[in-house]
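All remarks here apply to the structure that follows.
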Amino acid sequence: MRITDLLKNESIVLGAHPADKQAAISQLVDLMDAAGNLSDKEQYKKDVLAREASGTTGLGDGIATPHAKSAGVKAAGLAAMTVPGGMDFESMDGKPSRLFFLIAAPDGSNDEHLAILSKLATMIMDPDFKEALIAATSKEEFLKLIDAKEDGTFEAPAAAEAAPAPAADHIQVLAVTACPTGIAHTFMAAESLEQHAKKRGISIKVETNGSGGAKNILTAEEIAAADGIIVAADKNVAMSRFDGKRVVITKVANGINKADELLDKALSGSAPVYHASGTDEAEGAGDVEGESIGRQIYKHLMNGVSHMLPFVVGGGILIALAFLFDTFDPANPGNFGMNTPLAAFFKTTGGAAFGFMLPVLAGFIAMSIADRPGLAVGFVGGALAGTTGSGFLGALLAGFIGGYSVNWLKKVFKVLPQSLDGIKPVLLYPFFGILIMGLVMTFIVAPPVSGIMNWMTDTLKNMDPNARILLGIVMGGMMAVDMGGPINKAAYVTGTGLLASGEFHVMAAVMAGGMVPPIAIALCTTFFKNRFTESDRKAGVTNYVMGLSFITEGAIPFAAADPLRVIPACVIGSATAGALSMAFDCTLRAPHGGIFVVPTIGNPLMYLVAILIGAVVGCIVLSFLKKPLKENA
């Protein structure tokens with residue numbers, strides 16, 4: 001698809017004079033509507049403003065790209081506006097914006113708007129092309145310029161007097177750009193660096209770490225010969241290859257807005273020398289933003305949990321199937337799950353996967369902290385947590401102990417000669433790290449933590465029914481507070497952690513609480529239609545599927561649009577489901593699956609009743625909190 005396929009004459013205005021940011025967005029939305037791309041202009045405008053509230057799309061260098069994926073869009077499209085005199089759009093560099101592209105994509109378009117944004121990004125970061133668009137005197141000229149740029153035939157007015165090619169026999173500056181999504185800013189920073197280098201006659205090569213992987217990868221020969229290296233990244237990139245080279249490490253936004261400054265620093269010889277730690281990962285990639293300690297700990301924990309979940313989910317569902325397909329032998333109840341060949345197969349395979357839960361959790365927490373040298377140390381710590389009885393809590397501690405221990409060893413071994421750097425990651429870090437981990441886990445962590453875990457498990461198993469219901473209220477309600485955020489994850493991690501200790505009631509309450517928010521919203525959009533716009537009602541239907549599949553995040557768009565009403569209603573509904581799950585003595589051995597694993601749940605019929613009642617309660621509360629719309633859209 002070409003840019004001009006999405007940009008119509010009706011959606012272009014040249015020489016505009018909007019009074020402020022709000023007026024600029026309103027004018028662009030009107031243009032988009034005039035082109036026939038919108039089914040609900042107000043919904044789309046609300047989504048554009050919500051995106052803008054999360055962070056300005058004024059990219060700097062005179063460019064702004066407001067955008068949104070919205071239920072109010074019926075066909076992907078673009079709108080363009082030039083403001084030759086410039087206006088304040090709260091840009092990243094604080095400078096006036098003069099060229100605007102508004103991007104619209106339908107709600108189910110699989111991030112089409114981001115793909116369009118990526119394509120536009122590499123084009124408009126060319127200063128000559130940008131200025132040509134701003135200077136265009138007709139819509140036809142504007143569109144022809146875009147076609148020429150996309151075809152590679154665009155020529156700057158003074159192309160014949162461009163800076164001469166550098167005489168150097170090597171690439172002077174190498175760069176790496178990367179952002180968390182790897183779609184827009186990655187390529188914009190690359191284009192900005194390339195264009196500014198071209199203007200100054202500097203040879204440059206930029207490696208982009210985008211959503212499709214690393215492209216234009218730097219070679220060892222190029223790195224060895226380069227005069228300067230720039231890493232403009234907001235996520236980890238391979239860094240050990242730059243060992244001993246002067247490297248400018250900065251955030252990706254600076255690659256867009258401060259390209260000349262970065263080039264100057266890279267070529268000045270004043271950048272610090274990068275010293276690798278025997279790992280392929282970037283060190284302190286997130287430190288540029290000055291993250292808080294709490295945020296760093298959360299990221300390390302989530303790195304471990306995200307790697308652990310496939311083992312727990314896959315193994316847990318297989319173990320649950322073993323109990324579903326087995327026959328109970330009263331003479332040998334402890335062998336339940338292994339009595340038939342099919343059940344034994346599921347139980348053995350699932351158990352093997354489940355057995356990796358604690359080592360993987362601890363290993364990847366440690367790796368997040370100390371990079372690759374921390375992986376082995378964390379794995380051993382997680383395995384020791386399993387054998388010493390300290391369980392999930394012990395594995396969490398092992399991950400952090402392993403990571404910070406290896407970081408400490410890196411500092412200790414800095415005094416060794418540089419000739420020994422090669423043996424640090426393969427001998428010194430694993431040997432001393434595992435030794436320290438063994439001592440700490442065996443003699444310091446295991447005794448108290450295993451006692452705590454045993455007490456916790458016994459308490460939950462023998463808990464008074466009324467107290468168990470209170471726990472279900474808390475765990476179920478937590479799943480709906482931030483729907484995929486830290487509180488939700490804390491409840492989910494607690495449930496999965498207790499699975500390893502043989503406690504299955506909490507996981508059931510957690511999944512019930514997580515299924516309710518999307519279902520409650522779907523019910524409300526179905527039975528209380530006058531509280532929602534037409535686009536909301538259409539989006540609500542998909543929440544039936546998301547809720548039944550235990551995808552709590554399906555409720556996020558509704559919660560983001562109306563948090564003071566949606567979140568309390570969902571919390572009440574989820575807490576109700578969690579309480580009823582406990583009251584009905586439901587158990588769940590699989591940490592995911594939603595409706596698809598209900599047959600494996602202890603007391604499955606009443607579990608479905610608990611979820612249904614929780615969803616109905618949430619729906620009714622939401623219907624009271626939300627007022628009927630004045631006009632039923």
Side-chain angles (χ1 to χ4, degrees), residues 309 311-330 332-340 343 346-347 350-351 353-355 357 391-392 453-479 491-516 548-550 552 574-615:
L309 283 181
F311 294 92
V312 183
V313 172
I317 292 175
L318 286 171
I319 292 173
L321 289 174
F323 293 109
L324 177 66
F325 293 120
D326 201 16
T327 56
F328 186 74
D329 182 3
N332 189 11
N335 200 47
F336 185 50
M338 296 289 288
N339 292 315
T340 66
F346 282 131
K347 183 81 178 292
F354 212 78
M357 170 184 171
F392 185 77
M453 290 298 295
N454 290 334
W455 170 81
M456 185 185 301
T457 304
D458 291 341
T459 300
L460 289 171
K461 287 180 177 178
N462 301 310
M463 186 177 283
D464 178 83
N466 293 327
R468 190 183 288 275
I469 290 173
L470 177 61
L471 180 62
I473 291 173
V474 173
M475 300 303 290
M478 287 175 67
M479 291 298 291
Y492 184 71
V493 167
T494 300
T496 55
L498 289 170
L499 286 179
S501 305
E503 208 304 309
F504 309 121
H505 291 85
V506 173
M507 190 65 240
V510 164
M511 190 167 84
M515 292 173 69
V516 162
L548 293 173
S549 303
F550 185 29
T552 315
S574 293
T576 302
L580 291 175
S581 173
M582 287 290 193
F584 296 150
D585 198 31
C586 300
T587 57
L588 174 62
R589 297 171 183 268
H592 216 294
I595 195 75
F596 304 104
V597 296
V598 165
T600 72
I601 292 173
N603 208 354
L605 179 60
M606 296 313 294
Y607 190 68
L608 291 175
V609 170
I611 294 170
L612 178 60
I613 293 175

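Every heavy atom of this structure was used, including side-chain atoms; hydrogens, water molecules and symmetry mates were not.
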| Quick one: does F325's side chain get under 4.5 Å of K347's, heavy atoms only? | no
| said: Can you tell me how far apart NE2 (H505) and CZ (R468) are? Round to the nearest 0.5 Å. | reply: 4.5 Å
| message | List the residues meeting side chain to side chain donor-acceptor pair (under 3.5 Å) with N603, not counting sequence neighbours, and say none if there are none. | response | none
| task | Using modelled atom types only, decide if a donor and an acceptor are shared between the side chain of Y607 and the backbone of G602 within a distance under 3.5 Å. | result | no
| remark: Those residues at least two apart in sequence (or on a different chain) that pass ring-ring contact (aromatic ring centres under 6.0 Å, His included) with F584 are none
| query | Which heavy atom of T496 sits nearest a heavy atom of M357, and at what distance? | reply | O-CE, 3.3 Å
| note | Taking every heavy atom of M606 against every heavy atom of C586, the minimum-distance pair comes out as C-SG, 4.3 Å
| query | Between A509 and G472, what is the shortest heavy-atom contact and its length? | reply | CB-CA, 4.2 Å
| note | d(M507 CE, Y492 OH) to nearest 0.5 Å is 5.0 Å
| request: For I469 and A579, work out which heavy atoms get closest and say how close. | output: CG2-CB, 3.8 Å
| field | Whether T552 side chain and G514 backbone form a donor-acceptor pair below 3.5 Å | value | yes
| Partners passing side chain to side chain contact (heavy atoms under 4.5 Å, CB included) against A575 (at least two apart in sequence or in another chain) | I473
| task | Kindly compute the distance separating CZ (R589) from CD (E503), expressed to the nearest 0.5 Å. | result | 11.0 Å
| task | Starting at CE of M515, measure out to CD1 of I611 and round the result to the nearest 0.5 Å. | result | 4.0 Å
| task | Measure from the side-chain N and O atoms of T576 to the backbone N and O of G614, and report whether any donor-acceptor pair falls under 3.5 Å. | result | no
| remark: Contacts of I595 meeting side chain to side chain contact (heavy atoms under 4.5 Å, CB included) (sequence neighbours excluded), chain-then-number -> L548, V598, L608
| request: Please tell me if the side chains of I601 and M511 come closer than 4.5 Å, counting only heavy atoms from C-beta onward. | output: yes
| field | Full working for side chain to side chain contact (heavy atoms under 4.5 Å, CB included) between M479 and F550 | value | CA-CA 11 Å; M479 291 298 291; F550 185 29; 3.9 Å; yes
| query | Any side-chain heavy-atom pair from L471 and V506 closer than 4.5 angstrom? | reply | yes
| remark: Closest heavy-atom pair, G350 versus L318, reported as atoms and distance to 0.1 Å, is CA-CB, 3.7 Å
| query | Closest heavy-atom contact between G513 and S574? | reply | O-OG, 2.7 Å
